[in-house]
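In each ligand, atom 1 is the first atom listed, and ligand 1 is the first ligand listed.
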Amino acid sequence: MSTKAMTVAGIMSGTSADGIDVAVVRIAPGKLRPKLTLLAHDSFRFPAPLRRAILAAMNAASTSTAELARLNWRLGIAYAEAMQATIKRHAVKLDLIGCHGQTLYHQARASTYAGRKFACTWQAGEAQAIAAALGVPVVSNFRPADMFAGGQGAPLVSLLDYALFAHPTRGRVLQNIGGIANLTAIPAGAASDAVMAFDTGPGNMVIDWLAQKLFAKPFDRNGSIAARGRVLQPVLRSSLRNAYFSLKPPRTAGREEFGREYAEKFLALCRRSSTRAEDTLATATAFTAESIASSYKKFVAKKMRAANHEASRVDYIVSGGGARNHTLMAMLAQRLEPLGCELASIENFGMPAEAKEAAAFALLAWLTWHRLPGNVPAATGAKRGAILGQVSYA
Ligand SMILES: Nc1ncnc2c1ncn2[C@@H]1O[C@H](COP(=O)(O)OP(=O)(O)O)[C@@H](O)[C@H]1O
Ligand SMILES: [Mg+2]
């Protein structure tokens, strides 16, 4: 099948469960890689009862079948409404939609269940609700195909990162800081099979939980609370000894690793060294920064240097809500500068911080529509390229 230019929307809602990001992208076939132009972007917060239901389902040791079925449907309605609001506001006409869904469970490592050992993942949100409301086919459920091809099902943004940011003479790292933080590293002049991508560890997840618990705020806006605190070095050091950070890429993390249970322990540790709540926030922010920088240093820096013949610096491009946390960005810059990286927000490259992941699922939907693989095996650990997801027809 030959590829054709289409206007495609991507719908993303990440592990922060803060809301829905929508990106509308014009995608045209290109010689080496598809060409993308961002036409529109919008963000929608989840209504409070829906957010509560999502967080409850994510963290539940047990829940009911009715609850999950209803949540799946309700999410589909929320995505459909966000999509409708976007096309109305920006007067765009869509050919196709890609919807990531809400991850309720992602287990990257195999464990035994009912007599068989396997890894599994689940993104909820009934895609048919979107197809029916918009009259446009929807691709959803992207991750299983990669997992059945031997991959971890994540990260899936690597192909977009490559299509948009690969550079002949500049090494580039695309660092997304959502609930979880992940990076895609593209050495200067690299082919797509030389791309590295993995979850560095926590993004805003621990910070958000602490901001809620200690300051009754959904997050630490602009990092202003952390800016007033002092980093508790012993807590930082012991937190970095977490087994996750010695896992070699490909590796993926989620609420299973850095969710509520983790944050509760982190808080208990901080309280042993300081009674000031802002010190706890500062330490959690430093923890995210340090886990990102040390992941880069340990697994990526050498490859980037080897490809950067002119000894030029690496562009370290941050997206996701974490790019708006000034304290986190300052801590990151301080740690990455000595490693030869120039830190920048993705906004300096013409892309709104929250739009990138949504745009990635537009690209993946376009590829699936043309029966083309969307995973990057070097990033997910898959044995082969896989056509991702399934289509709900309007
Ligand atoms: N102005 C801001 N200051 C600090 N943090 C912010 C700001 N805006 C967003 N964030 C952080 O970004 C998170 C949402 O980021 P997002 O990229 O949507 O993550 P996810 O993909 O996990 O949903 C919020 O939960 C919050 O922690
Ligand atoms: Mg979000």
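Under 4.0 Å from ligand 1, heavy atoms of N222 appear from its side chain as well as its backbone. Both the backbone and the side chain of T15 come within 4.0 Å of ligand 1, judged by heavy-atom distances. Contacts of D220 with ligand 1, taken as heavy-atom pairs under 4.0 Å, involve the backbone alone.
The residues E337 and R313 are annotated as salt-bridged, a charged nitrogen and a carboxylate oxygen being separated by less than 4.0 angstrom.
When I207, D18, D208 are ranked by how near their heavy atoms come to atom 25 (O) of ligand 1, first place goes to D208.
Each of the following atoms of ligand 1 lies closer than 4.0 Å to a heavy atom of G179: 19 (O), 20 (P), 22 (O). Shown in contact with N325 at under 4.0 Å from a heavy atom are these atoms of ligand 1, numbered in order with element: 4 (C). Less than 4.0 angstrom separates some heavy atom of G320 from each of these atoms of ligand 1: 17 (O). Applying the 4.0 Å criterion to heavy atoms of S16 picks out, from ligand 1, the atoms 13 (C), 14 (C), 19 (O), 20 (P), 22 (O), 23 (O), 25 (O).
Residue, atom and distance of the protein heavy atom nearest to atom 5 (N) of ligand 1 are F219 CD1, 3.6 Å. In terms of protein heavy-atom proximity, atom 21 (O) of ligand 1 is nearest to G14 CA, 3.5 Å. The single protein non-hydrogen atom nearest to atom 13 (C) of ligand 1 is N204 ND2, 3.5 Å, given as residue, atom name and distance. Scanning all protein heavy atoms for the shortest distance to atom 12 (O) of ligand 1 gives G321 CA, 3.1 Å.
Residue contacts with ligand 1: G223 is placed with no nitrogen or oxygen under 3.5 Å of a nitrogen or oxygen of the ligand (distance criterion only). For E357, no nitrogen or oxygen atom sits less than 3.5 Å from a nitrogen or oxygen atom of ligand 1, counting backbone and side chain alike. Looking at ligand 1, you won't find any N or O of E354 less than 3.5 Å from one of its N or O atoms. Remark: ligand 1 and M12 share no N or O pair separated by less than 3.5 Å (distance only, no angle test).
Between F165 and F349, some side-chain heavy-atom pair lies under the 4.5 Å cut-off. D42 places a side-chain heavy atom less than 4.5 Å from the side chain of H90. The closest side-chain heavy-atom distance from V24 to V8 is not below 4.5 Å. Annotation: side chain of Q123 is in contact with side chain of N141 (closest heavy-atom distance under 4.5 Å).
Restricting D18 to its N, O or S atoms, the one at the least distance from the Mg ion (ligand 2) is OD1.
Side chain to side chain, T65 and E67 fail the donor-acceptor criterion of an N or O pair below 3.5 Å. Side-chain polar atoms of R251 and S295 form a donor-acceptor pair below 3.5 angstrom.
Remark: the backbone N or O of A119 is not paired with any side-chain donor or acceptor of Q107 at under 3.5 angstrom. Side chain of Q152 to backbone of P250: a donor-acceptor contact under 3.5 angstrom is found.
More than 12 heavy-atom neighbours from other residues, nucleotides or ligands sit within 6.0 angstrom of CH2 on W122.
Taking 2.8 Å as the criterion, E354 does not count as a coordinating residue of the Mg ion (ligand 2), since none of its N, O or S atoms falls below it.
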Next item on the list: Test V173 against M304 for side-chain contact (heavy atoms from CB on, under 4.5 Å), laying out the working first.
Entry: CA-CA 9 Å; V173 176; M304 298 300 274; 3.9 Å; yes
